[in-house]
Structures are given as C-alpha cells and as structure tokens.
Amino acid sequence: MAKLSVSNLRLAYGDNEILKGLSLETREGDVVALLGQSGCGKTTLLRSIAGLETPSAGKIQVGDKVIFDADHKIALAPEKRGLGLVFQSYALWPHRTVFENVAYGIRLKKVLAEEVKSRVRAAMEGIGIAHLGDRHPHQLSGGQQQRVALARAMVYDPPIILLDEPLSNLDAKLREEARIWIRSLIKQTGRTAVFVTHDQEEAMAVADQVVLLDQGRMIQSGTPEELYGNPNSLFAATFMGSNNQFEGKLIEVRGDRTMVQVGDSRIWALNKSDKTVGETTTVVSRVEVAETSETPGENSLSATLLTKSYLGSRWEYIYDCSGHQVRVTSRKPLPHQSCFITWPADGAWAF
Amino acid sequence: MKNTILAASLTLLAAGLPLVAFGQEQAILDAAKVEGRVSVYSALDAALAQRLVTDFQELHPEIKVDYVDQSTTEIYNRAISEAAAGSGTADILLSSSMDLQYKLMSDGVVSDFTLPDTTALQPWSHAPSAVYGFTQEPLVIVYNKRLVPEADVPANRKELIELLAKPEYLDKVATIDPERIGTGFMFFTLDERADPDNFWTLADALGKARVKLYTSTGAMLEKVTSGEHLIAYNIIGSYAAERAKADSAIGVVYPDDYINAISRLAMIPKTAPHPNAGQVFLEYLVSERAQQILLASSFGTVRTDLSPATVVPEDKAALVRPTTVDDSLLHYLDQSTRLQFIRRWQQAMKGGN
Amino acid sequence: MSKTVSTMVIALLALAILYPIGLVVYQSFLDNPFFQPNVQWSTFGYEFVFSDPDFWTAVWNSVQIAVGMTLIAVPVGGLLAFVMTRTDVPFRRLVEGFILTPLFISPMILAFGYVVSAGPVGIFSVWFESIFGFVPWYLYSKTTFIVIAGLTHVPHAYIYASAALQNLGSDVEEAARISGAGPARVALTVSLPMILPSLLFAAVLIFFMGFEMFGLALILGDPEGITVIATYLYKLTNILGTPSYQLMAAVVVFMLAVTLPLVWIQRKMLRSANKYISVKGKAAAQRPLKLGPWRWVAFALILLWMFVTVIVPVAGLILRSVLSTWGQGVSIFEVMTLDHFRQLFQFPQITRSMVNTLLMATLGGAAAVAVYTLLALAVGRKTEGAAKFVDYIVMLPRAMPGLIAGLAIFWVFLFTPILGDMRQTLVSVWTAYTLVWLAYGLRLITTSFMQISPDLQEAARVAGASAGRVSRDITLPLARAGIIGSWLLIFIAFTREYSTGVYLLSPGSETIGALLVSLWAGGNINAVTALATVNLGFIIVGLAMLWKFGDRRNG
C-alpha cells in the first residue's frame, strides 16, 4: 500500500562495512525479495528499514514519510515507523498466548478492547489460526508459529511488512506450500512486503521484484524473469539458476554478440561486457538450455562423459569439455559416451 | 507521672545528692523528658549494656534509650566526623579506649558538663567537667586450670617470666596485640609505667615464648579454655571473671606485684541532639543503682561508697592501680613516642624467631 | 527506557560510586582527616605505607590467598555446576538445596567453627589423633587458610556457572560424547569452555573477595600473625595513636589501582572467549549425561566438599553452643549446658535484629535488585563505550574493604547537606549495601537478560512498543525467574553483610550480623555460638521453604 524508497544507505560495524551506499525503489503493492548470500547485508538492510540498525548515511522513505535521513538527523524509533516485521526465529513471546501475541501491537495503539478483539480475531481467521488463540507458542508446530508471527506483524495494518527469511525454519515440503500462501496472503491484502532470503527459487516464487545484493551493494533489481533471463553481471548470472561456465579468450565482437575461444572450439554468446578482443572472458549458460548432439555444429563443444545420476524427474550428466565440467539434463537417458554439447547463442552470456 | 517523679527523687535522695542541687537537677530531667530519647554509642559487653539499659528504662520510662554497639575506633571516627560536620547522632559515647576518649575531650569535641555532685566518685576516675569513668576493670592473667599444674600458676610477672622460659609453654601463650588494638597498646604502656625496670624483660620473654598476638579478648579466652593456649596475659578482668563463673577451665590470676585497672569513659559530644537526656544517662551510669549492676557483672565501680570496688579479692585490693583520667593519657598518642614503643615491642617479639 | 533515561541512570550510578571513592582518593593525599581545618596536601600516607614492610607482607599474603582461592573455587565451582546441571548424579534435588549453605554463614562464624572443630585441640583433630596418632593438618597455616577460603567460595563460582550451563544446549555435549569423550572430558573440553565468560567473571569477583577478605583472616590469621590487607588496616587505625585516615586511604587507593588492570584483563579475556561461543546449541532439549558408576564418585566428592565446608565448621559451632567448656581432656558429656541459649533471652535486641535483618534482606534486597535491574536495562540500551565504563566502575566498591566503603559512604551522607536527613535512616545502610554488592548483583541480572533473545525485544519495538514498554512487557516478564533468583542471592548477601553498615547503623537498626560481631568483640563467645546456631536454624528453615517453592515451580 506504500512505496518504499531507500537511497544511498551506508552502515559499518567498526571497519567492517556492511552496507556500501545501497539504493532501492519498490512499487506500491509489490512483494520484494532481498536476495543474496549470507553476509551480503540483506538482513542488515531489512533491520535498517525496521529501525533496528542505524545507518551512518542515506535516507529511507515509506510513501511520503521520511523515516530515516542521516543528513537531517532523522531516525524514527522502530516503534514510530509502524512497520510489520516477521523474524526468522518468529520471536513469539513465550509468556503470552497466541491471542496476546497477535493483539500486542494494536493494544499499544489505544484501540478499544472490543475492536482489538474483533481485529485480532479477523487477522487470525484470515490466516487460519483462529482456533489457537489460547495456546502458548511452545504448544505450536513450526508452521503454526510462522502463521502467528505473520498475523502479529499484519494485524495493525502496517504499510509495509518486512519478513526475515520467513520460510527457513520450515521443512522442505512445508516450505513450498508456504511460499504460495504467503504470496497470496500478501497479495490479497494488497500490501507492500519486503522479504529477505538466500534462496533464489523462493525469491522468484514469492516476489514481484527481486533485488540481488552482494557485499553491501545492489547488483541487480527487477522482475524474476528479468533477473533470470537477463542477468547484468557474472555474479547475477551465476547466482541464479544452475549454470555451466567457461573461461575463454574473446575473439570477436559483432553487434550484441561476442565470439569466445574455449579450448579448440569457438562459441557465440550475448555480449554483457565492454571487454575488447584478446581479453579473457567468462561465458555462462543455464544448464537447462544445453543439449547434446552426435555431430558438431554451430556453438558446440566436444565432450566426454564423466558421470551421470538419476534424479527421478530427469537424468543429469556431467561431461568434460576441454577442462571444463559441463552439466546437461535430459528427460531421457542419453546413450553417448562422447558427444557434442550445444546451445543457442542467445542462451549464453559473456561477461 | 507523679509516681515516676517520686521514684526519681527518691533515687536521687538515696544517691546522697544534696537538696540544693535539686532544682537544677529537676530542670535537666524535665528537659530530658521533653527530648524523650537518648542515643548511646558504646563499646561494652552486650549483656551488661542490656542490663543497664533495661534498668535505666525502668527508672526513666519517658526517655527512650537507643543503644548502638560500636567498637572503640568506630566511636572515635564517628565522633570526630560528626563534630566536623556539626551534625550529631550520639548523645553519649562510652568507650574503653581511655586515650581516644580523652583526646576527644582535649580536641574540644566533648561538651562541658559537670556532674552536680562528684564527692562519691573516685578522684582519679574523671577529668573536670567532661569525661567520667564508670567502671574499674583490673587486667589479669588467665590460665587453663585443667592443663596448667597448680605449681606452675604464676602469682606475679616475675614468676610469669620464669614460666615463659619453660619449653612446654612455647607457642602456648597469648596476649592482646598492641600494634593492632589500641586498648592493648594502652595495657602494655600501663605496664611499662608501673614497672619500667622489668617490663621489657617480660616483653622479651613473651617474644621468646613465641607469644600469639590476638585482636579479640573473646578469642583468647576461648583458646585458653580449649587448651590451644595455656596462659593469656593482660586480659580484661571483667570478661575473665564473668567467663570463669560458668567455665570451669578458666583460672584467673590477680598478680601480686601490681594490678593495673582501666575505666570505661563516658562523655557527651557537643553535637548531641539530646544533651539533657545524655546528662541524665551519664548521671545514671555513675549512680549507686547502676554501679551496683556493674559490680554484679564484675565490672567494678568508681564510687567510693561501694565495696569491694573491683573483682580483685580483698587481700589484693591494695595492689590495684587505677588509671587516672588526666593528660598522661595523651602521652603515647604522640606519634614518635608511640612508634618508639612499637619498635621496641617489635624487637621483643622477634626474640623468638 | 529511553536513551535520556538510561544516560541519567548511568550518570547517577557513576556519581554514587565515584563520589565516595573520590573522597577516599582525596583523603589519601592529605596529612589529616579531610574535614579538619588546616589540612595540607601531603604524600605522607603513601610514603608511610609503601615503606612499611608489614604492608608488603600483607599485600603478598593477600595476593597468595586471592589467587589460591580463585584457583580452587572456580574450577571446583564450575565442575560442581556441571555435575549438578548436566549429569545424573544421585540426590540432585537434595544436594542442590544445600550447595549455597556456606554463603549463608558469616565468615567469622565459619572460621570460629573451624577453630572448634579442626583447630590444634579441635574436636575432629583430637578424634583424628586418637585414631591415627597424628593430625595431618594445621589450621592456622597459610595453605589451610587458602584451601578453606577456596572451598567456602565455591558457591560463588557455582552460581554463575550453573546459570550459564542451564542456558547451553545439551546437543554440543552429546556431539562430544558421540565423538568418544567421557563425561569428564566433555566438561573440561566442551561445556566449561563454552561458559568461559561466566567463569571468568566469577574468577575476578572471587579474586576481589579474597583480596578484601576480612572475617576469615581475622580469626584464622591471628595465631600465626598472618596479616592480609584488610587486617593490616587494623594496624593503621592504631599505629599513630588516632585512626590515620590518610594511611588507610592510601592502602585503599592501592587496592583500587589493582582493580583497574584486572578489569582490563577480564574484558580482554572475555572478548576472546566470546568469539568461541557464538554457537550456542539448542537450549530446548536438556538431557542429563549418564555418568554410569562415576555418578557415585561424583556424589562422594560433593559430599566430601560439603563435609569440609559445612559439616565440619557447623558441627563445631553447634557443639560449642551447648558446652560450658571444651578442649583437650574434657569429656563433653559432662559439660553440656543450655545456658548459652537461656542467656540469649537477655537480649531483646535479638528479636529486633532478626526483624531488621529480615526487613533489610527482603525489602532492601528487593529494592537493590530493582536498582540492578534498572541499571542492566540502561546499560543494555547504551553503546559499547558506556558498557565499558560501567564494567570498570562497578568493581570499584568491591575492591574496598567493607568497613572503609562504609566509612566513605558515611562521610558522603554526613558532609552532603541534602543527604544529611537520610543518614540516620536505613536508606544510608541500604545505599552502602547496594553499592558494595553492585558488581555481584548486576552480573546476576545481566546473565538472566542475556538469556532472552534480542529478537523478542525487537519484535515488540517494531510492533509499536517504546523501549520502556518493551522492558515492561517483554524483558522483565521473561527474566522474572532470573530476577527472583538474583533477589534470593542478594537476600543472602544482605543477611550476612555487616562491616559495610557499621558506621551507618542507627539506633535500633542492629542486624544479626552486627550483633554477632559486637558480641564477639565483647568477648561473649557463649552468646555468639548460641546466636549463630539459632541463626543457622532460621537459615535451614528458609532453605527448606526455598526448596519447597522450587519444587512447586518445577512441578
């Protein structure tokens, strides 16, 4: 329901810079995923938005409201920001019942007791935990705890909900279900949500906008399709999906394509760098676009089978291509020990 | 009310006070009753203090006694600090540290107060218009009756010196530590003054016997009882005699060369919040009624009209040398004189090692 | 709690600590009591003290004792805590109730109990000699002294270690057992290293307790003339005739000067220790380690420790309270008497002192815990710098002997006009007690706060609660058990405390501790033993009630 904009945020612990001038814009009603490896600063960014960390520079704005501005010495206390936050640990208060946990936030807002009751009830029903009101957190399963944490963060209608790795404490099966219902829940209520995750699949499944972070900087931001289909950097390309990767010498640049020498072969890829002929470059290609053929052709490398494994839905083969390991998946078993691996020229990027 | 006044006047009459002083006395007593309470800061045996306070309370129910037990050092510290701050809590200070009490007087911390009648008090027991002794306690030798053979029991210091040379008394003798305990220091300086020729011989003999130096009279008595020590020197006679009443192992020797006696001194600080009540209490302390209680508890008396004056047996009563309350008490408060004595003492103590 | 409030709280704390200490430092550079007219600046105090060989002997003794007892108390306390919280040692509940007993007994009484039991003619010594023909210990030697001091301070280490261990998941221990480590190895290589910060804190605290130790040293040190710093101060009250504050102040400044580098070392060690405990393990599941036959060995060792620290002195004390005389060659059955107890009834102060003690310990203890809690909350809100500052100053009051700390606070109340009115109330005594036990209490509270995940507090902040609200709604309710536990320990500390309050005691405010000391000073040992026995009876009743309460809480 509100737009979040973060600009040029900096934060350091001693000499250790965590955020190095991070900027970020979201659209109203979007679910935004902050994606990155551990230590990339994504949780720190989330905590800075919530007011739990104080950056040394930068500005944070929710809608028209400036909640943090280092230049003007504005730093609203977390309780004044009115945001919702779901902790990775859920942080349910063990000494309060589920109802009391959920009701806490609105009670503080001096709402009439009757209204508190009805709103909490509504929130709990909406999230499917209406029957758990009298229990204490330790009497709940992990999935139920997560729902309580969500209800608690949403009950007082925050303009933005922040979620810190909300699914990481669930087991794999439950996690896939939870992705779907979290997204639909947020979308139903039309809220803006920012959530932190290290799992790219989860980010793509839940988010409208994925923000990829690395070492305190934003690498790329866009829809899941953009991030997956059009990475702007080697990091972005390799972080998403499963990839095959080659080192080679840049031979030729033609339009938006480049030719790279890998071993004895030359392959075409989309040009993603301003490197010139003769420099070493890295070619990345998604595993799922690679195919095998018995004969050499355009964009193909000769390969020798190293090992294979059966994954149920598909077979996975690992080949050696002039010193590079290359993975190929196939729905059917592949008969060849040595073959050629090939993919379309716009299915690879050279960085 | 009437009855108490009557009782009070009867007591005063019984105490032999001349009627002339009666008017003034009455005024103080009335003022004291208005004040309503008296704070006593005291270093005294708890049981005895209790008896005195209970008795005083019976005599003057209108004056509530607040009794606080403190050590002699604490009383002195409190007195000078409160005097400097000009804000007092104590109405009367009782302490066995005669020198420190006297010093408070000479430093002008104590209010002038003359008892209306001092004729019945020993002349040595008080300094003019300020400090009043109210006990007379001999210093004695204590031994373990079970373990010290009759023949060994020393009758005087000379015999003690001889006894200390015996190997079976090595490590078995105790005395108060004059370096750490101020009253202990005073006991030994009294000895030196009483018998300057032989005192250091005694000190050297104690050193050779590897005397154990204590900070507490109670601990010494306890260890003589148990046999950990056989003999203890310069023990306050009142404690020893009281203990000997119930404890068959404690023997008390009143030396037949001389017997030093000390007094506990009472005084009223200038900062006393209830000075009149303080005066009434001080008068009570030296009254016959209170002195009888003191006598019954082995603490002796400073009145001339009661006898025996101390726990010392009649035949040795003449040997008792009470400590006069006068400027001589200040002699060893001089730093260099004091350090000189302590150095000599330390040298004596090294004799055993 | 807002930042302004926490800054104010810390400023007040600094004032409360640094004002009396400043007074002592100031006094140490004067030639006479600071309140006298015409005082001059002088370094005489330092010159005298530092050139006195007795001072250095006392310092050396204190260092040996403090180091020795720390080396005994901390490992024993840590292992005891491990055995009690993590293993299946038999009669755990029963033993747990009595572990803290040595804390309840005033050190002076404890020491006297040892004299009666294990002194050269003590009951146990004589008995041992009659069987074996010799006595293998000498009560008054420095070694014995260190062992006794170390063993009786074990509960202090135990308190901190067991609190930390309870917070540690048993999965890390199980991992070690699966890797082939026996219980002892698990304790030494996994559990205890993981609670190193708590052990280190206990070590520094115990070191200070040893450094300023008075009661034990007074009773056990006399026969061999072993002086420690606190008993050396005795000498200084007397050596120049009148109490020489500048000399005592110089000694105290010396002790304070020792404190600061120690706190520095402690902080440094803590920082490196903290590195290794970022992984905490899952605290949820705690299963006792199975010791097998070793559980009986562990149990026997605990019994032995209890025998030495509790049974021996207490037996001596109780026996002495019903004897008119004792020692070599006395048949105790002939000299039994109840007179000492009858004598107690002569003192109406006794009931009064019990009421006062109870009042001071319950209400006063609760108020002190409230102060420590407030402080812990305030420090929690502040930056590293403020926390560092607090770390340094809280130890200072502990570094002074209680008597001197009490005298300094007495001066503060006496010479500060606005405080004058409170001097005669229990407020002043309470202030002194609270300051002296600050380091001890604050650490207890912070330990229980640290057990609360910061997430829980942050969750409340984000939900709209102010910092004060968070303390009230989340931190305090969650730390309740820890706070009540701290209150019980402060209760014990206040019950036993005496020397700190000496100068601040007002009429009618005597406590049991005070009464015991004054009876002792008055030489009335019969009454001392009887009163101490009665006191012990109360403690046992209290412990039993505690035990009952604990049972209900667990059930």
Side-chain angles (χ1 to χ4, degrees), chain B residues 39-40 43-47 50-51 54 66-71 73-74 76-78 80-82 84-85 87 89 99-100 103 144 146-147 177 179-182 185 212-219 221-223 225-228 236 239 243 246-250 332-335 338-339 342, chain C residues 33 35-36 112 115-116 119-122 218-219 222-225 231 234-235 237-243 324-330 335 337 339 343 346-349 407 410-411 414-415 420 423-424 502-503 505-510 514-515 518-528:
Chain B
S39 300
V40 184
L44 194 62
D45 176 61
Q50 199 50 54
R51 266 169 246 149
T54 314
D66 293 327
Y67 182 84
V68 185
D69 223 314
Q70 302 256 276
S71 79
T73 316
E74 286 151 18
Y76 179 83
N77 284 340
R78 184 182 279 265
I80 59 167
S81 303
E82 290 187 350
S87 132
T89 47
D99 45 0
L100 289 183
K103 175 125 175 38
N144 184 311
R146 233 174 31 241
L147 302 171
D177 186 353
E179 282 190 77
R180 285 186 288 169
I181 298 299
F185 182 88
K212 306 295 178 199
L213 299 168
Y214 283 84
T215 48
S216 147
T217 302
L221 284 172
E222 194 66 20
K223 290 185 173 182
T225 285
S226 72
E228 191 176 319
I236 298 179
Y239 293 156
R243 174 92 193 222
D247 184 344
S248 55
I250 292 285
Y332 278 106
L333 290 185
D334 173 67
Q335 286 182 17
R338 195 175 184 91
L339 284 174
I342 285 179
Chain C
F35 46 76
Q36 279 186 358
F112 178 70
V115 171
V116 177
V121 295
L218 190 66
I219 311 286
D222 268 358
E224 290 301 319
T231 50
Y234 240 119
K235 212 172 253 191
T237 60
N238 183 43
I239 199 139
L240 299 182
T242 53
S324 61
T325 185
W326 62 284
Q328 241 168 340
V330 177
V335 291
T337 172
D339 278 351
Q343 198 195 346
Q346 290 177 8
F347 306 113
Q349 311 97 296
L407 183 60
F410 167 74
W411 285 337
L414 186 58
F415 291 101
R423 175 161 68 97
Q424 288 223 70
V502 165
Y503 285 98
L505 286 180
S506 36
S509 69
E510 55 274 89
L515 213 58
S518 68
L519 285 171
W520 176 271
N524 199 340
I525 299 209
N526 294 335
V528 169

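Lettering of chains follows the sequences in order, A, B, ..., and the numbering in each one begins at 1.
Here C/I219 contributes atom CD1 and B/T215 contributes atom OG1; the two are 7.0 Å apart, rounded to the nearest 0.5 Å. Atom-to-atom distance recorded for C/F35:CZ and B/S81:OG is 3.5 Å, nearest 0.5 angstrom. The line from CD1 of B/I342 to CG of C/N238 is 6.0 Å long, rounded to the nearest 0.5 Å. The structure places CG of C/L240 at 8.0 Å from CZ of B/R338, a figure rounded to the nearest 0.5 Å. Note that OG1 of B/T225 is 9.0 Å distant from CD1 of C/I525, once rounded to the nearest 0.5 Å.
Here the side chains of B/E82 and C/L414 are in contact, with some heavy-atom distance below 4.5 Å. In this structure, the side chains of B/L339 and C/I239 come closer than 4.5 Å at one or more pairs of heavy atoms.
Every salt bridge (Lys or Arg N to Asp or Glu O under 4.0 Å) that B/K103 has, sequence neighbours left out, goes to B/D107.
Only the side chain of B/Q50 comes within contact range of chain C, with heavy atoms under 4.5 Å apart. At a 4.5 Å heavy-atom cutoff, the contact between B/Q70 and chain C is made by side-chain atoms alone. For chain B, the nearby parts of C/T231 are the backbone and the side chain; heavy atoms of each come within less than 4.5 Å. Looking at B/I236, neither its backbone nor its side chain comes within 4.5 Å of chain C, counting heavy atoms on both sides. If you measure heavy-atom distances from B/I250 to chain C, you find no contacts under 4.5 Å at all.
Of the listed residues C/V335, C/L407, C/T325, the one with more heavy-atom pairs under 4.5 angstrom with chain B than any other is C/T325. Across B/L100, B/L44, B/L221, the residue that shares the most heavy-atom pairs under 4.5 angstrom with chain C is B/L100. Counting heavy-atom pairs under 4.5 Å between each of C/Y503, C/F415, C/Y234 and chain B puts C/Y503 at the top.
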